[in-house]
Amino acid sequence: MARLLSIRELKIDIPKEARILADKMLKDLENSKRPVLEAVKTSLDNSIYNSKVGYLTPGDKKVRTELNVSSVQKLARVVFMLEILLRNLDIGSVNTKRELYYICKGLIKGNKRYSPLDFEDQNESDTIIDFIGDMLEVYREELNCFANDRGGQTYSQQLVVTESLPDGEKAVIDLSTLGTSPFQPKNKPQALKLKAKKKIDFCLIIESEGTANTLATMGFTKRNNCILMGAQGVPSNGVRGWCKLIEEELGIPMYFFGDLDAYTMQNIFRTLKAGSAASLIRNADFSAPAVRFLGVLPEDVKKYSLPHYKVKESDPSEARQLKKARDVLDNDPFFLDKKNKGLCDILKWLLSEKIRCEQQSYFSVDPNDPIKVEKIILEKIKTGAYV
């Protein structure tokens, strides 16, 4: 359970841990024992939610891989990939998962002894990288492996970001000087420090980047001392880590403005707020437990006469989301926690009414007022119309 601590509080000596693991494997082989590798099981049945912590954390279950005829390739691939990652750490090199896949292909092509380790596609090498992270209980970024996870497009007249660069230099970015361009941090927010030029009242996270851009263009951040962010749908690690940093360093109210449908509630908002089962060891730094769901709320549909759509269970995609909604209500520790009853009630309402209402529907309320959506958002914040 050590990963309950943030990586700001706990640093693991990865080369040392890797050597201990490799030495044990070698010793087992020399003693005619079958080496075993264990990793945290990253799945819902090993997820624990404690409302005091605010995000999903791992239980005690492990994925155990013992050397045998069917697993010998996996164990050999783990050692092969781990050596590449350790080399990167040693020389300060970084790679994406895609690049690591091709590095492996190049090494295998150059040495026939490696041919049994060859990957048919990138999914196979990605799985090994993820297993190594879960095995060592470290983040992919700590292994110098970075996905193209950009933080949300962010606008503010009050926010100043200081980034510590690898060479020791510091870059200072005043978001008010960027004109119409958004600030978009990379997926390692731990290298950033935040400062407010004057009091920031709230952070508004918009599910749609397009709508966030519209609000910014129409002067939302000029009329309000706030941070405005486009989350680009299902939040990437970059978005989640960026929201976590804002929450921790600035301590301001956080609101999420998104669609009213099962997919948004269980795939987008829950992941932003509490992390995911697939990333149990990293949720401590990649979740924003204090974020509230601002809308669309069930009561908004009638209050504002918002256009909405019937969810058709005959549609395979919509049927899957409804099935998953029923499943999470029964099995997801986040939705089972009484603190999240309001969010649970929204899912139940969606299952009952079987409708879908998009965030952009607020633009129908008064088409002649270009900032009507802004007025509605501010009124909802002021009156506490959020969950």
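In this text, all values refer to a predicted model and were calculated from it rather than measured experimentally.
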task = Determine which pairs satisfy salt bridge (charged side-chain N to carboxylate O under 4.0 Å, His left out) with at least one residue from residues 42-54, sequence neighbours left out, and list them in order.
result = Lys41-Asp45, Asp45-Lys61

note = Here the side chain to side chain donor-acceptor pair (under 3.5 Å) pairs for residues 288-302, sequence neighbours left out, are Asp300-Tyr362, Asp300-Lys380

message = Test of understanding: with side chain to side chain contact (heavy atoms under 4.5 Å, CB included), list the residues that count as partners of Pro289, not counting sequence neighbours.
response = Tyr55, Lys244, Glu247, Ser287

Salt bridge flag under 4.0 Å for residues Arg270 and Asp332 = yes

Geometric class of the Phe80/Tyr114 ring pair [parallel <30°, tilted 30-60°, perpendicular >60°] = tilted

query = So, do Trp242 and Phe286 have ring centers that fall under 6.0 Å from each other?
reply = no

request  = Sequence neighbours left out, what passes side chain to side chain donor-acceptor pair (under 3.5 Å) with Ser364? Give chain and number order.
outcome  = none

message = With salt bridge (charged side-chain N to carboxylate O under 4.0 Å, His left out) as the criterion, how do Glu141 and Lys97 come out once you've worked through the C-alpha distance, each side chain's angles and the decisive distance to 0.1 Å?
response = CA-CA 11 Å; Glu141 292 83 1; Lys97 279 185 171 182; over 6 Å; no

inquiry  = Students often mix this up, so state it plainly: with edges at 30° and 60°, are the rings of Phe334 and Tyr49 parallel, tilted or perpendicular?
reply    = perpendicular

task = Applying side chain to side chain contact (heavy atoms under 4.5 Å, CB included), name anything that partners Ser361, two or more places apart in sequence or on another chain.
result = Leu306, Pro307, Cys357

Tyr386-Tyr255 aromatic ring centre distance below 6.0 Å = yes

query = With the threshold set at 4.0 Å, does a side-chain nitrogen-carboxylate oxygen contact exist between Glu374 and Arg223?
reply = yes

Contacts under 3.5 angstrom, residues 18-40 side chains, donor-acceptor by atom type, not counting sequence neighbours:
| from | atom 1 | to | atom 2 | distance (Å) |
| --- | --- | --- | --- | --- |
| Lys24 | NZ | Asp28 | OD2 | 3.2 |
| Asn31 | ND2 | Lys27 | O | 3.2 |

